[in-house]
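Structure first, then comments.
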Amino acid sequence: MTFENLILDKRDGVATITLDRPEAMNALSTQLGRELQDAIVDVENDPDARVLVLTGAGRAFCAGEDVKERPADSAEMKASQTALGKISRGPKSHRWFAETFRGMSKPTIASLNGFAVGQGLSIALACDMRIASAEAKLGAIWTLRGIPPESAGAYLLTQLVGPAVACELIFTGRIVDAGEAKELGMVNRVVPGDELEAATRELATTMAQGAPVAIAVSKMMIYQALESSLEMHGRLDSLGQAYCFNTEDREEGIRSFLEKRPARFTGR
């Protein structure tokens, strides 16, 4: 599969998607949005790709929807159609990234090299983890453009920072730097810009060497915990344990511990 607006690289169990429209700060055009969906599906269906990293070329991660693609007074704008709405695969297309990343069995990491605003922020927040360059800037800028958050942005942001902080960031649209973003819980860690790629690769490679089935079940349990009772989570806990106890990876985990060597997990 070839792409014109992004780069898909797969190495050592890590698939990296780099948005590659640096001249437009990687704003989501219709074509880039379509290619990004296709690349994510490709990674999701590749058993050799155990971790997905998403980043951007140039000075931005993603500057949101490419509003230059259509004028503000266009029929599409008046109908509240987004660029991703044009490539809809169903009525939930505006939530596609959030639902796909949350439902994906593989860990996802947003490597924030620069600006992540609007829909770009939503995509970053939809990932399981975020590592930010010290130069990164994050912004929930939707109301400054006269619209509410899109692509599950309000949902994702509120889960990370709580309703009061989400209200402040969304109502004002102010840009926060990487340091403040870490304090608020929007990113996991901040590293110098020249160390971002290496730090992201180290984290992704470490997870790619883990037990894929156990990680997939753990991911499901983590997100289910946000929306269920302790009793319901306990049932999922028991089911997850029972399922993983019957895998070859569980046997390998015990064997490698007893033999004092690194585990070699196969995902079976």
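In this text the structure is predicted, and so the values were computed from the model without any measurement.
The shortest side-chain heavy-atom distance between Ile123 and Ser151 does not fall under the 4.5 Å cut-off. Using a 4.5 Å heavy-atom threshold, the side chains of Cys244 and Arg250 count as separate. Considering only heavy atoms from C-beta on, Glu202 stays 4.5 Å or farther from Glu195 through its side chain. With contacts defined as side-chain heavy-atom distances shorter than 4.5 Å, the pair Asn188/Ile109 does not qualify. Using a 4.5 Å heavy-atom threshold, the side chains of Glu35 and Glu4 count as touching. Using a 4.5 Å cut-off on side-chain heavy atoms (C-beta onward), Met221 and Leu236 make contact. No side-chain heavy atom of Leu19 sits less than 4.5 Å from a side-chain heavy atom of Asn5. Residues Pro163 and Thr158 have side chains in contact (heavy-atom distance under 4.5 Å, counting atoms from C-beta outward).
The CG atom of Leu156 sits 8.5 Å away from atom CG of Leu121, with the distance rounded to the nearest 0.5 Å. Atoms CZ and CG, from Phe101 and Leu54 in turn, are 5.5 Å apart once rounded to the nearest 0.5 Å. Here the CE-CG distance, from Met186 to Leu169, works out to 6.0 Å after rounding to the nearest 0.5 Å. Separation of atoms CD (Gln209) and CZ (Phe265) is listed at 10.5 Å; rounding is to 0.5 Å. How far CZ of Phe115 is from CD of Glu135: 11.0 Å, rounded to the nearest 0.5 Å. With values rounded to the nearest 0.5 angstrom, Tyr155 atom OH is found 5.5 Å from Arg102 atom CZ.
Applying the salt bridge (charged side-chain N to carboxylate O under 4.0 Å, His left out) rule to pairs touching residues 180-192 yields Arg174-Glu180, sequence neighbours excluded. Residue pairs that meet the side-chain hydrogen bond (donor to acceptor under 3.5 Å, both in side chains) test with at least one member in residues 136-148, sequence neighbours left out, are Trp142-Glu150.
Placement of Leu196 and Leu6 in two distinct hydrophobic clusters is found when ILVMFWY residues are connected by side-chain heavy-atom separations under 4.5 Å, directly or transitively. Connection of Leu8 to Leu32 is established within a shared hydrophobic cluster, with ILVMFWY side chains joined at heavy-atom distances below 4.5 Å, either directly or through further cluster members. Val187 and Ile170 fall within the same hydrophobic cluster, defined by Ile, Leu, Val, Met, Phe, Trp and Tyr side-chain heavy atoms under 4.5 Å apart, directly or through other members. The hydrophobic cluster containing Trp96 also contains Ile147, counting ILVMFWY residues as joined when their side-chain heavy atoms lie under 4.5 angstrom apart, directly or transitively. By the rule that hydrophobic residues join a cluster once side-chain heavy atoms approach within less than 4.5 Å of another member, Ile175 and Val165 end up as members of separate clusters.
Here the side chain of Asn45 pairs a donor or acceptor atom with the backbone of Val41 at under 3.5 angstrom. Remark: side-chain polar atoms of Thr247 are not paired, donor with acceptor, to backbone N or O of Tyr243 under 3.5 angstrom. Checked by atom type and distance alone, the side chain of Arg130 pairs as donor or acceptor with a backbone atom of Ala124 at under 3.5 Å. Counting only distance, with no hydrogens or angles, the side chain of Asn26 and the backbone of Arg21 share a donor-acceptor pair below 3.5 Å. Side chain of Lys106 to backbone of Leu52: no donor-acceptor contact under 3.5 angstrom is found. At least one donor-acceptor pair under 3.5 Å links the side chain of Asn113 to the backbone N or O of Gly58. Thr18 contributes no side-chain N or O that, together with a main-chain N or O of Asp20, makes up a donor-acceptor pair within less than 3.5 Å.
What you find for Ala134 and Ala178 is that their closest heavy atoms are O-CB, 3.9 Å. Of all heavy-atom pairs spanning Gly193 and Ser133, the tightest one is CA-OG, 3.4 Å. Taking both residues in full, the closest heavy atoms of Ser228 and Gln224 are given as OG-O, 2.9 Å, listed atom of the first, atom of the second, then distance. Taking each heavy atom of Ala98 and Ala126 in turn, the nearest pair found is CA-CB, 3.8 Å. The two residues Ala140 and Leu157 make their nearest non-hydrogen contact at CB-CD2, 4.3 Å. Taking all atoms of both residues into account, the shortest heavy-atom contact from Gly153 to Leu125 is O-CD1, 4.4 Å.
Heavy-atom contacts from other residues, nucleotides or ligands closer than 6.0 Å to CD of Glu168 number more than 12. Summarising the local packing, CG of Leu258 is surrounded by more than 12 heavy atoms from other residues, nucleotides or ligands at distances under 6.0 Å. By the 6.0 Å contact criterion, CD on Glu44 is enclosed, its count of non-hydrogen atoms from other residues, nucleotides or ligands being greater than 12.
Looking at Gln31 and Ser29, their side chains never bring a donor and an acceptor atom within 3.5 Å of each other. Inspection of the Ser111 and Thr200 side chains reveals an N or O donor paired with an N or O acceptor under 3.5 Å.
Taking Arg255 as the reference, Glu251, Glu252, Glu259, Arg261 meet the side chain to side chain contact (heavy atoms under 4.5 Å, CB included) condition, with sequence neighbours excluded. Shown here are the side chain to side chain contact (heavy atoms under 4.5 Å, CB included) partners of Arg201, two or more places apart in sequence or in another chain: Asp9, Arg11, Val14, Thr16, Thr205. For Leu144, the side chain to side chain contact (heavy atoms under 4.5 Å, CB included) partners two or more places apart in sequence, or in a different chain, are Ile141. In terms of the side-chain hydrogen bond (donor to acceptor under 3.5 Å, both in side chains) criterion, residue partners of Thr108 (sequence neighbours excluded) are, by chain and number, Asp128.
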Side chain to side chain contact (heavy atoms under 4.5 Å, CB included) between Leu138 and Phe61, worked out: CA-CA 10 Å; Leu138 288 71; Phe61 172 77; over 6 Å; no

| Checking side chain to side chain contact (heavy atoms under 4.5 Å, CB included) for the pair Val53/Leu203: CA distance, chi angles, key distance, verdict? | CA-CA 10 Å; Val53 172; Leu203 176 61; over 6 Å; no

Original post:
Checking side-chain hydrogen bond (donor to acceptor under 3.5 Å, both in side chains) for the pair Glu231/Ser229: CA distance, chi angles, key distance, verdict?
Top reply: CA-CA 5 Å; Glu231 179 183 3; Ser229 65; 5.0 Å; no

